[in-house]
Amino acid sequence: MNQQLAGYAPTPAAARMENHGRAMLKVAMASGQDLFARTGSMVAYEGFIQYEPNPPAIRQIASQWVTGEGTPLMKCAGDGLLYLADYGADVVVINLNNDALSVNGTNLLAFDAHLQWGVERVKGLAKFAGQGLWNVQISGTGWVALTSRGTPIVVDCGRGEDETYVDPDALVAWSPALKVKGKRSFKASALIGRGSGEAYQMAFSGSGIVVVQPSEDSTDRLRVQG
């Protein structure tokens with residue numbers, strides 16, 4: 001039996017963050033290299049790792065991050081290997097190099113604690129929602145892990161002059177340098193996604209990437225500040 005399961009055994013860490021299969025994240029933890037991760041995402045760990053749910057630093061920064069359960073992040077610290085997952089969703093690992101990424105909070109799995117981050121209003125969409133829409137922006141040099149409901153597509157918006165339109169329910173992340181505006185469709189035949197009534201799309205232009213998942217979650221992808 002051990003031989004039959006050998007292919008699923010842990011492998012030595014080759015990077016700070018990497019995939020173990022498509023739906024699990026492996027993080028090489030070390031003293032002084034703390035991590036912020038989605039609360040409840042830990043599925044296993046080796047070594048000595050401590051967890052602090054909703055620490056004061058997160059509560060202060062994310063006071064505008066509205067969810068039904070509070071700020072969904074925990075601080076992880078220690079030495080060993082940490083395994084994270086989110087209900088079988090695909091895991092996408094990104095190594096930022098003095099770069100920035102804007103992420104839907106529901107798609108954020110983990111990121112290095114030394115990165116700069118905050119909850120910011122999505123510019124260009126205020127007229128489509130009463131109080132505006134909010135996202136998590138992460139910048140600096142370090143590792144970020146996202147989740148996607150299925151294998152995502154990464155659209156390079158710098159390859160042409162045309163705008164890229166995305167259903168907000170399928171949006172995972174994008175480059176903050178992109179220009180964003182909202183588009184409203186009234187014809188039923190032009191609806192994108194599920195539901196009825198008016199359809200909303202986000203239009204991206206400029207130089208950067210947009211990460212789109214092949215799923216339209218029924219929950220709000222962009223949190224509305226109440």
Side-chain angles (χ1 to χ4, degrees), residues 10-20 23-67 69-86 89-123 134-148 152 154 171-178 208-211 222-223:
T11 56
R16 163 68 163 173
M17 287 188 186
E18 57 187 324
N19 285 78
H20 184 82
M24 190 175 297
L25 174 70
K26 178 170 66 176
V27 185
M29 299 292 296
S31 297
Q33 298 181 13
D34 297 346
L35 182 81
F36 287 139
R38 173 169 291 278
T39 300
S41 62
M42 188 277 290
V43 294
Y45 68 92
E46 304 174 33
F48 180 75
I49 301 176
Q50 294 180 308
Y51 307 91
E52 182 183 0
N54 201 21
I58 292 179
R59 291 199 301 269
Q60 181 178 0
I61 294 176
S63 59
Q64 294 171 319
W65 190 347
V66 178
T67 68
E69 56 182 310
T71 306
L73 291 178
M74 61 182 177
K75 183 178 181 181
C76 310
D79 291 276
L81 291 177
L82 174 62
Y83 297 90
L84 305 175
D86 183 24
D90 285 38
V91 174
V92 180
V93 178
I94 299 173
N95 188 6
L96 295 179
N97 183 14
N98 194 27
D99 207 348
L101 193 67
S102 188
V103 185
N104 279 334
T106 52
N107 294 97
L108 185 59
L109 180 61
F111 59 96
D112 283 331
H114 68 263
L115 290 169
Q116 294 78 49
W117 70 285
V119 179
E120 298 184 356
R121 183 185 298 273
V122 179
K123 298 178 181 179
W134 301 75
N135 237 33
V136 182
Q137 184 162 311
I138 304 174
S139 61
T141 298
W143 294 85
V144 181
L146 312 177
T147 59
S148 172
V154 179
L171 182 64
V172 174
W174 70 87
S175 302
L178 290 172
I209 63 169
V210 179
V211 183
L222 297 169
R223 300 302 181 183

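Below, all heavy atoms of this structure are taken into account, side chains as well, without hydrogens, waters or symmetry copies.
The minimum heavy-atom distance linking Q116 with G140 is given by the pair OE1-CA, 3.8 Å. Among all heavy-atom pairs drawn from S139 and A100, the shortest one is CB-CB, 3.8 Å. Counting all heavy atoms, side chain and backbone alike, I49 lies closest to L81 at CD1-O, 3.9 Å. Closest heavy-atom contact between A77 and D34: CB-OD1, 3.2 Å. Taking each heavy atom of V172 and T147 in turn, the nearest pair found is CG1-O, 3.9 Å. In plain terms, the two heavy atoms of A145 and V91 that are nearest each other are CB-CG1, 4.5 Å.
Exactly one of V136, L73, L96, L35 qualifies for a side chain to side chain contact (heavy atoms under 4.5 Å, CB included) with F111. That residue is L73.
Side-chain atoms of K75 do not come within 3.5 Å of backbone N or O of A113 as any donor-acceptor pair. A distance-only check finds no donor-acceptor pair linking the side chain of S102 to the backbone of Q137 [under 3.5 Å]. The closest donor-acceptor contact from the side chain of R16 to the backbone of D112 lies at 3.5 Å or more, if one exists at all.
A distance of 10.5 Å separates CD1 in I94 from CE in M17, rounded to the nearest 0.5 Å. Here the straight-line distance linking atom CE of M24 with atom CG of L84 works out to 9.5 Å at 0.5 Å rounding.
Under the 4.5 Å side-chain criterion, counting only non-hydrogen atoms from C-beta, D79 is in contact with S31. At least one side-chain heavy atom of Y51 sits less than 4.5 Å from a side-chain heavy atom of L82. The side-chain heavy atoms of M29 and F48, taken from C-beta on, include no pair separated by under 4.5 Å. Between L101 and L146 the shortest side-chain heavy-atom distance falls below 4.5 Å. Using a 4.5 Å heavy-atom threshold, the side chains of V93 and E18 count as separate. Residues N107 and D86 fail the side-chain proximity criterion, which asks for heavy atoms closer than 4.5 Å. When side chains are defined from C-beta on, K26 counts as touching T11, because their heavy atoms get closer than 4.5 Å. A 4.5 Å side-chain heavy-atom check between N135 and N104 finds at least one atom pair inside the cut-off.
Side-chain contact annotation: D90 with S148, donor-acceptor N/O pair under 3.5 Å absent.
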Practice prompt. In sequence, state the C-alpha distance, the side-chain angles, and the governing distance for V92 and V211, and then conclude on side chain to side chain contact (heavy atoms under 4.5 Å, CB included).
Written response: CA-CA 10 Å; V92 180; V211 183; 5.7 Å; no

